[in-house]
Enquirer: 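Take a look at the following structure, please.
This structure is a prediction, so every number in the text was calculated from the model and none was measured.
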Amino acid sequence: MAVSDKRIQLGGLARKLVMDGILEESVAQEAFSAALKEKVPFTAYLVEHKLASAADIAQAASTEFGVPLLDIDAVELDPDTTRLVDEKLIRKHHALPIFRRGNRVFIAVTDPTNLQALDEIKFHVGANTEMVLVEEDKLSRAIDKALEAIDTSLGDMGDEEFEGLEDLEVGEEEAGHEEDLEVDDAPVVRFVNKMLLDSIKKGASDLHFEPYEKFYRVRFRIDGVLTEVAKPPIALAGKISARIKVMSRLNVAERRVPQDGRIKLKLSKNKAIDFRVSTCPTLFGEKVVMRILDSSAAKLDIDMLGYEDFQKELFLENLYKPYGMFLVTGPTGSGKTVSLYTGINLLNQIEVNISTAEDPVEINLPGVNQVQIDERTGMTFPKALKAFLRQDPDIILVGEIRDLDTASIAVKAAQTGHMVMSTLHTNDAPQTLTRLQDMGIAPFAVATSINLITGQRLARRLCSHCKKVADIPKEALKDEGFPEELLEKDFKVYEAVGCDQCNKGYKGRTGLYQVMPISDAMKRLIMEQANAITLADQAAKEGIWDIRRSGIQKVFNGIIDMKELNRVTLE
């Protein structure tokens with residue numbers, strides 16, 4: 001017997017539609033059976049086959065079951081609420097979470113008798129659910145629109161976005177995981193790819209993927225300041241970190257300890273950008289931080305770094321000395337690596353042998369022998385330096401002087417006819433001298449080995465398109481440290497505005513420098529174990545600008561504003 005020949009006891013919405021005269025009972029019987037057979041909602045079948053209008057069905061259901069009727073077209077859907085429920089569940093029950101109030105999630109439905117939908121969604125979101133009735137055709141459009149918006153926000157980019165973009169390099173041992181992710185979690189794959197590409201386009205230096213208890217966010221460090229760029233659903237936290245770990249050739253199953261890896265993003269046959277990846281387990285999942293390693297940043301002309309003319313002369317004069325130490329200091333993210341690499345590029349000639357020990361090797365420099373420090377295998381800074389000294393070196397670069405052993409070998413190398421370049425984490429140049437002595441280096445060795453110390457910071461440049469003149473009295477500028485010789489001149493101080501060509505009034509960064517050669521007077525003070533304040537006073541007597549004075553000159557020249565000067569130089 002055919003399904004249509006078998007009488008079905010109508011109930012719920014179907015019975016109400018018959019009682020209201022919207023449907024003939026026989027039509028309702030056949031529609032109900034056909035909807036079951038095709039596994040589609042009863043209301044959707046009626047509207048699709050034009051057996052009843054969506055408005056009449058919604059009005060009848062609202063009256064029969066006492067559920068409020070809502071015009072969903074007049075409601076601004078909350079994407080965060082929609083993301084609470086999986087797409088498969090939304091499609092299965094033809095029900096859409098539209099907004100949230102406290103611990104209640106409101107679900108748009110067309111059939112109020114579908115209590116299974118509410119139960120499953122309630123279990124899925126972990127919150128109380130309440131239904132609101134909407135018209136069938138409007139709900140279908142809303143579901144398509146909401147799911148499309150979610151997919152777009154997770155990196156649904158057109159083919160033109162990927163033009164020229166080659167596949168990311170993935171380790172063979174993770175190939176299976178990579179394939180699974182691309183098949184099962186295409187939105188996550190697109191989202192991560194979009195974040196990597198966006199970070200490059202926006203000129204970011206770092207990407208932060210951060211899970212918290214109730215939300216997940218992605219931030220870019222642009223021009224030295226972190227900016228939130230995306231808030232994907234917290235449910236995807238694990239998948240996002242797994243995707244990045246697959247791309248970085250890390251152990252996807254290990255979530256309890258930090259891991260470090262790299263990603264090579266090939267933008268074209270001749271252009272590739274590396275990402276240094278670091279994972280760290282936090283209270284609510286793994287935080288992932290990615291540092292963009294763009295080799296073009298290491299090939300900057302020295303004139304682009306922001307040195308004043310007399311500072312550049314001191315830099316170059318000491319860079320080309322045949323032996324001694326050349327130190328760059330400053331906090332993390334102050335541009336020390338770029339300054340050192342710029343110097344190395346100037347020295348990188350066929351006549352010299354250059355060896356570097358770095359942790360990690362951030363940028364590949366052709367013609368330079370670079371060694372990756374790895375404590376696990378025993379390749380430490382001291383071991384690398386000892387090996388370099390047996391390799392007929394001319395110039396040695398030590399990524400960072402961290403301990404007494406590294407410092408001792410570097411100082412001895414500088415005293416025995418080698419040029420040694422390195423970095424330290426100190427606030428300014430005079431403090432570097434006392435820091436080395438605190439580590440255990442003899443004052444005489446410090447005084448006789450160091451040629452020059454550069455302390456530096458990075459400050460955001462004002463956007464040349466939108467900056468405007470700031471009304472700041474000269475008395476106020478004097479209080480900020482402007483010297484009399486500048487205040488006597490005619491100049492303008494600018495401030496940030498913001499336009500479509502910049503980031504809140506700023507675009508790019510410039511360096512603020514304290515370039516301090518070690519004079520004979522300074523050497524005497526070092527051997528007398530003078531403190532950092534005394535050394536700084538001596539530097540000032542010799543006309544050496546501190547970092548703030550360098551910043552004041554940038555304000556005078558209209559390159560940065562007072563707000564940025566104080567952000568960078570006030571401690």
Enquirer: Are Lys474 and Phe482 in a cation-pi contact, defined as NZ or CZ under 6.0 Å from the six-membered ring centre and within 45° of the axis?
Expert: no
Enquirer: Quick one: which of Asp392, Asn369, Asp394 gives a side-chain hydrogen bond (donor to acceptor under 3.5 Å, both in side chains) with Asn353?
Expert: Asn369
Enquirer: Does NZ in Lys386 sit with more than 12 non-hydrogen atoms of other residues, nucleotides or ligands closer than 6.0 Å?
Expert: no
Enquirer: Measure the shortest side-chain to side-chain distance between Pro331 and Arg457 over non-hydrogen atoms and say whether it is less than 4.5 angstrom.
Expert: yes
Enquirer: Taking side chain as C-beta onward, heavy atoms only, is Leu305 less than 4.5 Å from Phe315?
Expert: no
Enquirer: Would you say the side-chain atoms of Gln456 pair up with the backbone N or O of Val328, donor to acceptor, closer than 3.5 Å?
Expert: no
Enquirer: Taking Arg276 first and then Asp260, would you say they form a salt bridge - that is, a charged N and a carboxylate O separated by under 4.0 Å?
Expert: no
Enquirer: For the residue pair Thr534 / Asn531, report whether a side-chain donor-acceptor contact shorter than 3.5 Å exists.
Expert: yes
Enquirer: Is it the case that atom CZ in Phe556 sees more than 12 heavy atoms from other parts of the structure closer than 6.0 Å?
Expert: yes
Enquirer: Hey, is NZ on Lys383 packed in by over 12 heavy atoms from elsewhere, all under 6.0 Å?
Expert: no
Enquirer: Got a second to check how far Glu358's CD is from Ser422's OG, nearest 0.5 Å?
Expert: 10.5 Å
Enquirer: Drop me the distance from Thr337's OG1 to Ile344's CD1, to the nearest 0.5 angstrom.
Expert: 11.5 Å
Enquirer: With heavy-atom distances below 4.5 Å as the criterion, would you say the side chains of Leu316 and Leu346 are in contact?
Expert: yes
Enquirer: With a sphere of 6.0 Å drawn around CZ of Phe491, does it hold more than 12 non-hydrogen atoms of other residues, nucleotides or ligands?
Expert: yes
Enquirer: Hey, mind stepping through Phe388 and His418 against side chain to side chain contact (heavy atoms under 4.5 Å, CB included) and telling me if it holds?
Expert: CA-CA 11 Å; Phe388 291 166; His418 305 94; over 6 Å; no
Enquirer: Angle class for the Tyr307/Tyr513 ring planes (parallel below 30°, perpendicular above 60°, tilted otherwise)?
Expert: parallel
Enquirer: Compare all side-chain heavy atoms of Thr448 with those of Lys523 and state whether any distance is below 4.5 angstrom.
Expert: no
Enquirer: Do Thr342 and Asn345 have side-chain N/O donor and acceptor atoms under 3.5 Å apart?
Expert: no
Enquirer: In this structure, are over 12 heavy atoms from other groups packed under 6.0 Å from Arg509 atom CZ?
Expert: yes
Enquirer: Are the side chain of Lys467 and the backbone N or O of Gly558 linked by a donor-acceptor pair below 3.5 Å?
Expert: yes
Enquirer: Please report the closest heavy-atom contact between Ala357 and Ile373, naming both atoms and the distance.
Expert: CB-CD1, 4.0 Å
Enquirer: Do you know the tightest heavy-atom contact between Ile560 and Arg461?
Expert: CG2-CA, 4.5 Å
Enquirer: Could you walk me through whether Phe209 and Met195 pass side chain to side chain contact (heavy atoms under 4.5 Å, CB included), step by step?
Expert: CA-CA 10 Å; Phe209 295 82; Met195 289 299 99; 4.1 Å; yes
Enquirer: Roughly how far apart are Leu319 CG and Ile395 CD1, rounded to 0.5 Å?
Expert: 7.5 Å
Enquirer: Do Ser550 side-chain atoms and Asp546 backbone N/O form a donor-acceptor pair below 3.5 Å?
Expert: no
Enquirer: Do the side chain of Asn503 and the main chain of Tyr506 share a donor and acceptor less than 3.5 angstrom apart?
Expert: no
Enquirer: For the residue pair Glu480 and Arg548, establish whether any side-chain heavy-atom pair is separated by less than 4.5 Å.
Expert: yes
Enquirer: Give a yes or no answer on whether the side chain of Gln259 reaches the backbone of Asn251 with a donor-acceptor pair at less than 3.5 Å.
Expert: yes
Enquirer: Do Met516 and Leu535 have side chains that get closer than 4.5 Å, going by heavy atoms?
Expert: no
Enquirer: How many angstroms lie between NZ in Lys287 and CD in Glu210, if you round to the nearest 0.5 Å?
Expert: 4.0 Å
Enquirer: To the nearest 0.5 Å, how far apart are CG in Leu565 and CD1 in Ile547?
Expert: 11.5 Å
Enquirer: Under 4.0 Å between a side-chain nitrogen and a carboxylate oxygen: does that hold for Glu564 and Lys554?
Expert: no
Enquirer: For residues Leu486 and Gln553, determine if any side-chain heavy atom of one lies less than 4.5 Å from a side-chain heavy atom of the other.
Expert: yes
Enquirer: Is the number of heavy atoms from other residues, nucleotides or ligands within 6.0 Å of CD1 (Ile533) greater than 12?
Expert: no
Enquirer: Does atom CG of Asp471 have more than 12 heavy-atom neighbours from other groups under 6.0 Å away?
Expert: no
Enquirer: Working note: Ile526 + Ile450, criterion side chain to side chain contact (heavy atoms under 4.5 Å, CB included); need CA distance, chi angles, decisive distance, verdict.
Expert: CA-CA 11 Å; Ile526 294 169; Ile450 299 176; over 6 Å; no
Enquirer: Is any NZ, NE, NH1 or NH2 atom of the basic residue among Lys202 and Asp198 found under 4.0 Å from an Asp or Glu carboxylate oxygen of the other?
Expert: no
Enquirer: Do you know which two heavy atoms are closest between Asp428 and Gln514, and how far apart they sit?
Expert: CB-OE1, 3.3 Å
Enquirer: Can you name the closest pair of heavy atoms from Gln415 and Ser449 and give their distance?
Expert: CG-CB, 3.9 Å
Enquirer: Under 3.5 Å, is there a donor-acceptor pair between the side chain of Glu254 and the main chain of Arg256?
Expert: yes
Enquirer: Walk me through it: do Val420 and Leu385 pass the test side chain to side chain contact (heavy atoms under 4.5 Å, CB included)?
Expert: CA-CA 10 Å; Val420 179; Leu385 289 179; over 6 Å; no
Enquirer: Can you confirm whether Val411 sits close enough to Val446 that some side-chain heavy atom of one is under 4.5 Å from a side-chain heavy atom of the other?
Expert: no
Enquirer: Between Arg219 (side chain only) and Asp206 (backbone N and O only), is there a donor and an acceptor less than 3.5 Å apart?
Expert: no
Enquirer: What is the minimum heavy-atom distance between Ser241 and Val288, and which atoms define it?
Expert: CB-CG2, 4.2 Å
Enquirer: Identify the heavy atoms of Cys466 and Val497 that sit nearest to each other, and give their distance.
Expert: O-CG2, 3.0 Å
Enquirer: What's the spacing between Thr423 OG1 and Phe326 CZ if we round to 0.5 Å?
Expert: 12.0 Å
